[in-house]
K.L.:
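One structure, as structure tokens, below. Some questions next.
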Amino acid sequence: MQRVEFDLTPERPYSLSQTVARLVRFTTLVDRMTDDGEYSRCLHLNNELALMRVNQVGPPSRATLQVTLHGEHVRNRGVREHAERIVRRSLGAGCKLALFYQGFRNDPLLADSVRAHHGMALCGGATLFESMVTSIFAQQVNLKFAYSIYDELTNRYGDTIEVEGETRVAFPRPARLARVRESTFHNMRLTKAKSGTIVRMAKAFAKGELDEDRLGALPDEDVIEQLVAYKGIGRWTAETSLIRGLGRLDVFPAGDLGVVKKIAIDILGRSKVASEAEMREFSERWRPYRSLALIYAYAVLYGDQDPPLRRADA
């Protein structure tokens, strides 16, 4: 078993614990955080299976991340570079919070959350594919239920690695899920529509019809246009996937129930649920950081509670 260690300086301010709090709250098989603040995840780096551990040294204003990789081939060329990209995008270490704070630290709707969650950046799955599948799971169900399916699917189809006597599992790769029958997913508490969508997405990524690097180079609307061309992928799933899977800072899933209901009523003081068009228009005041504004609004609204039912695209 090989071991690679390196330090990475995130965009500051940055808080690892604040950023990954929601990841580790809902799933235990892939994302974990120890009591002393070490985050870990099993994942594929340049096609090599590895366990990545990340620790933060220093407060958000002077944060440094210590990254350790464990695996049979983590010294291979390109593995460390891939890990750095994952940390910067999926763990939000490349998120320019300082610019967001400069513009919105006094925003009447966000100021309290900015103070309470200083250093909280965008985070999500290690790949766009994982983030899309997770969003599909979350259509029209609460997140606790969605992530129970996430764990079940990962336990059944994910690759495993043993490090220091502990077995860890990675989220399944597209090629593996592309070989699963839709009926098998249906038996895992997924609807027939969601089962079909997952198989279609797995095949599209496995065949290269959808390519993360290629999509990552496109503007937001161009990515959304390509994703919604697939049956079962609507704008909500595409938008949430851009936030969680590509770390896009200015995406606002205005059709989310948490947006049209909770933000409209509890933050804006409306007497009833707003329309998607109304909330999309309202979000314009938060450009070019609408994704960040959304997670800070959610942090105040929900605290330790589960968000409500999500919008379905299927």
K.L.:
Measure from the side-chain N and O atoms of Arg287 to the backbone N and O of Ser283, and report whether any donor-acceptor pair falls under 3.5 Å.
P.N.:
no
K.L.:
If I compare all heavy atoms of Tyr150 with all of Glu130, which pair ends up nearest, and what's the gap?
P.N.:
OH-OE2, 2.6 Å
K.L.:
Could you give me the CA-CA distance, side-chain angles and deciding distance for Trp286 and Leu110, then say whether side-chain contact (heavy atoms from CB on, under 4.5 Å) is met?
P.N.:
CA-CA 10 Å; Trp286 288 327; Leu110 302 178; 3.5 Å; yes
K.L.:
State, to 0.1 Å, how close Val228 and Ala238 come at their nearest heavy-atom pair, and which atoms those are.
P.N.:
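For Val228 and Ala238, the tightest heavy-atom pair comes out as CG1-CB, 4.1 Å.
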K.L.:
According to a hydrophobic-cluster definition based on side-chain heavy atoms being under 4.5 Å apart (Ile, Leu, Val, Met, Phe, Trp, Tyr only), do Leu29 and Val54 belong together?
P.N.:
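They do not share one cluster, since no chain of ILVMFWY contacts under 4.5 Å joins Leu29 to Val54.
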K.L.:
Determine, step by step, whether Ser90 and Arg41 satisfy the side-chain contact (heavy atoms from CB on, under 4.5 Å) criterion, reporting the C-alpha distance in whole Å, the side-chain angles of both residues, the deciding distance to 0.1 Å, and the verdict.
P.N.:
CA-CA 11 Å; Ser90 300; Arg41 162 183 264 265; over 6 Å; no
K.L.:
Please check if any side-chain donor atom of Ser275 sits under 3.5 Å from a side-chain acceptor atom of Glu278, or the reverse.
P.N.:
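Checked: Ser275/Glu278 side chains pair up, N/O donor to acceptor below 3.5 Å.
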K.L.:
Keeping Ser291 on the side-chain end and Arg248 on the backbone end, is there a donor-acceptor pair under 3.5 Å?
P.N.:
yes
K.L.:
Answer yes if Tyr289 and Val251 sit in the same cluster of Ile, Leu, Val, Met, Phe, Trp and Tyr residues linked by side chain heavy atoms under 4.5 Å apart, and no otherwise.
P.N.:
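Per the 4.5 Å side-chain linkage, Tyr289 and Val251 are co-clustered.
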K.L.:
Would Phe104 and Tyr296 count as a ring pair (Phe, Tyr, Trp, His ring centres under 6.0 Å) if you check the C-alpha gap in whole Å, the side-chain angles of each, and the deciding distance to 0.1 Å?
P.N.:
CA-CA 11 Å; Phe104 299 100; Tyr296 276 85; over 10 Å; no
K.L.:
I'd like to know if the side chain of Ser148 and the backbone of Phe145 have a donor-acceptor N/O pair within less than 3.5 Å.
P.N.:
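Looks like yes, one N/O pair under 3.5 Å.
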K.L.:
Is it the case that the side chain of Arg89 and the backbone of Ala126 share a donor-acceptor pair, with hydrogens and angles ignored and the cut-off at 3.5 Å?
P.N.:
yes
K.L.:
Strictly below 4.0 Å, N to O, side chains only: are Arg176 and Asp159 in salt-bridge contact?
P.N.:
no
K.L.:
Starting at CD1 of Ile224, measure out to CG of Leu215 and round the result to the nearest 0.5 Å.
P.N.:
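That separation rounds to 11.5 Å.
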K.L.:
Does the distance from a Lys or Arg side-chain N to an Asp or Glu carboxylate O, for Arg85 and Glu212, drop under 4.0 Å?
P.N.:
no
K.L.:
What verdict does the side-chain contact (heavy atoms from CB on, under 4.5 Å) test give for Val133 and Phe205, after you've listed the backbone C-alpha separation in whole Å, the side-chain angles of each residue and the deciding distance to 0.1 Å?
P.N.:
CA-CA 11 Å; Val133 172; Phe205 276 93; over 6 Å; no
K.L.:
Rounded to the nearest 0.5 Å, what separation is found between the CD1 atom of Ile136 and the OG1 atom of Thr191?
P.N.:
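Atom-to-atom, Ile136:CD1 and Thr191:OG1 are 10.0 Å apart.
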K.L.:
Does the side chain of Leu65 come within less than 4.5 Å of Tyr14's, by heavy atoms?
P.N.:
yes
K.L.:
Is the backbone N or O of Arg244 less than 3.5 Å from a side-chain atom of Ser131, with the two atoms forming a donor-acceptor pair by type?
P.N.:
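Side chain of Ser131 to backbone of Arg244: a pair is present.
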K.L.:
Quick one: pull up OG1 in Thr68 and CD in Glu38 and give me the separation to the nearest 0.5 Å.
P.N.:
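Interatomic distance, Thr68 OG1 to Glu38 CD, rounded to 0.5 Å: 7.0 Å.
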K.L.:
Under a single-linkage definition using a 4.5 Å side-chain heavy-atom cutoff for Ile, Leu, Val, Met, Phe, Trp and Tyr, are Val163 and Met33 assigned to the same hydrophobic cluster?
P.N.:
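No, Val163 does not connect to Met33 through the hydrophobic network.
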K.L.:
Between Ser15 and His118, what is the shortest heavy-atom contact and its length?
P.N.:
CB-O, 3.7 Å
K.L.:
Tell me whether the count of non-hydrogen atoms from other residues, nucleotides or ligands lying under 6.0 Å of CZ in Arg214 goes above 12.
P.N.:
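Count over threshold, so yes.
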K.L.:
Do other residues, nucleotides or ligands put more than 12 heavy atoms under 6.0 Å from Asp35 CG?
P.N.:
no
K.L.:
Are more than 12 heavy atoms from other residues, nucleotides or ligands located less than 6.0 Å from atom CD of Glu281?
P.N.:
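Counting other residues, nucleotides and ligands, CD of Glu281 stays at 12 neighbours or fewer.
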K.L.:
Do Tyr298 and Asp256 pass the side-chain hydrogen bond (donor to acceptor under 3.5 Å, both in side chains) test, and can you show the C-alpha distance, the side-chain angles, and the key distance before you say yes or no?
P.N.:
CA-CA 11 Å; Tyr298 276 172; Asp256 191 282; 2.9 Å; yes
K.L.:
Just wondering, are more than 12 heavy atoms of other shown residues or ligands nearer than 6.0 Å to CD in Glu162?
P.N.:
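Buried by this count: over 12 neighbours within 6.0 Å.
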K.L.:
Are the side chains of Glu152 and Arg156 in contact, using a 4.5 Å heavy-atom criterion?
P.N.:
yes
K.L.:
Calculate, to the nearest 0.5 Å, the distance between atoms CG and CG belonging to Asn55 and Asp36 respectively.
P.N.:
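Between Asn55 CG and Asp36 CG, I get 6.5 Å after rounding to 0.5 Å.
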K.L.:
Side-chain contact test, heavy atoms from C-beta onward, threshold under 4.5 Å: evaluate it for Ser40 versus Arg168 and give yes or no.
P.N.:
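SC-SC contact between Ser40 and Arg168 confirmed.
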K.L.:
I'd like to know if the side chain of Arg75 and the backbone of Gln2 have a donor-acceptor N/O pair within less than 3.5 Å.
P.N.:
no
K.L.:
For atom CG of Asp222, decide whether the heavy atoms of other residues, nucleotides or ligands shown that lie under 6.0 angstrom number more than 12.
P.N.:
yes
K.L.:
Please check: side-chain N/O of Gln56 versus main-chain N/O of Gly58, any donor-acceptor pairing under 3.5 Å?
P.N.:
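Yes.
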K.L.:
Could you give the distance from CE (Met188) to OG (Ser195), rounded to the nearest 0.5 Å?
P.N.:
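Rounded to the nearest 0.5 Å, the CE-OG separation comes out at 9.0 Å.
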K.L.:
Return the CD to CG distance between Glu5 and Leu69, rounded to the nearest 0.5 Å.
P.N.:
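Going from the CD atom of Glu5 to the CG atom of Leu69 covers 9.5 Å.
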K.L.:
Between Phe137 and Val24, is there shared hydrophobic-cluster membership here, with clusters defined by ILVMFWY side-chain heavy atoms closer than 4.5 Å?
P.N.:
no
K.L.:
Any idea which heavy atoms bring Val79 and Glu48 closest together, and the distance?
P.N.:
CG2-CG, 4.1 Å
K.L.:
Any non-hydrogen side-chain atom of Phe185 less than 4.5 Å from a side-chain atom of Lys194?
P.N.:
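No, every pair of side-chain atoms sits at 4.5 Å or beyond.
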K.L.:
Using the salt bridge (Lys or Arg N to Asp or Glu O under 4.0 Å) rule, take Glu276 and Arg235 through it: C-alpha gap first, then chi angles, then the decisive distance, then the call.
P.N.:
CA-CA 11 Å; Glu276 178 176 344; Arg235 189 172 183 94; 5.3 Å; no
K.L.:
Are the side chains of Glu72 and Met1 in contact, using a 4.5 Å heavy-atom criterion?
P.N.:
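Side-chain contact under 4.5 Å: yes.
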K.L.:
Give the minimum heavy-atom separation between Leu143 and Ala138, together with the two atoms involved.
P.N.:
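Looks like CD2-CB, 3.7 Å.
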K.L.:
Please determine whether side-chain contact (heavy atoms from CB on, under 4.5 Å) holds for the pair Trp236 and Gln139, giving the CA-CA distance in whole Å, both sets of side-chain angles, and the decisive distance to 0.1 Å.
P.N.:
CA-CA 9 Å; Trp236 177 85; Gln139 294 172 355; 3.8 Å; yes
K.L.:
Is the shortest heavy-atom distance from the side chain of His82 to the side chain of Ile86 under 4.5 Å?
P.N.:
yes
K.L.:
Where the side chain of Tyr101 meets the backbone of Gly119, is there a donor-acceptor pair that is under 3.5 Å apart?
P.N.:
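Confirmed, Tyr101 side chain pairs with Gly119 backbone.
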K.L.:
Would you call Glu84-Arg88 a salt bridge at under 4.0 Å N-O?
P.N.:
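Looking at Arg88 together with Glu84, the answer is no, because their closest N to O distance does not fall below 4.0 Å.
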K.L.:
Between the side chains of Arg290 and Glu284, is the shortest nitrogen-to-carboxylate-oxygen separation below 4.0 Å, so that they form an ion pair?
P.N.:
yes
K.L.:
Which atoms form the tightest heavy-atom contact between Cys42 and Leu51, and what is the distance?
P.N.:
N-CD1, 3.9 Å
K.L.:
Does one hydrophobic cluster hold both Leu49 and Tyr157, with members joined at side-chain heavy-atom distances below 4.5 Å?
P.N.:
no
K.L.:
With a 4.5 Å heavy-atom cut-off, do Leu249 and Pro288 have their side chains touching?
P.N.:
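The answer is no, as the side chains (C-beta and beyond) never meet within the 4.5 Å cut-off.
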K.L.:
Is there side-chain contact between Leu242 and Leu227, with at least one heavy-atom pair below 4.5 Å?
P.N.:
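With C-beta onward as the side chain, the pair touches.
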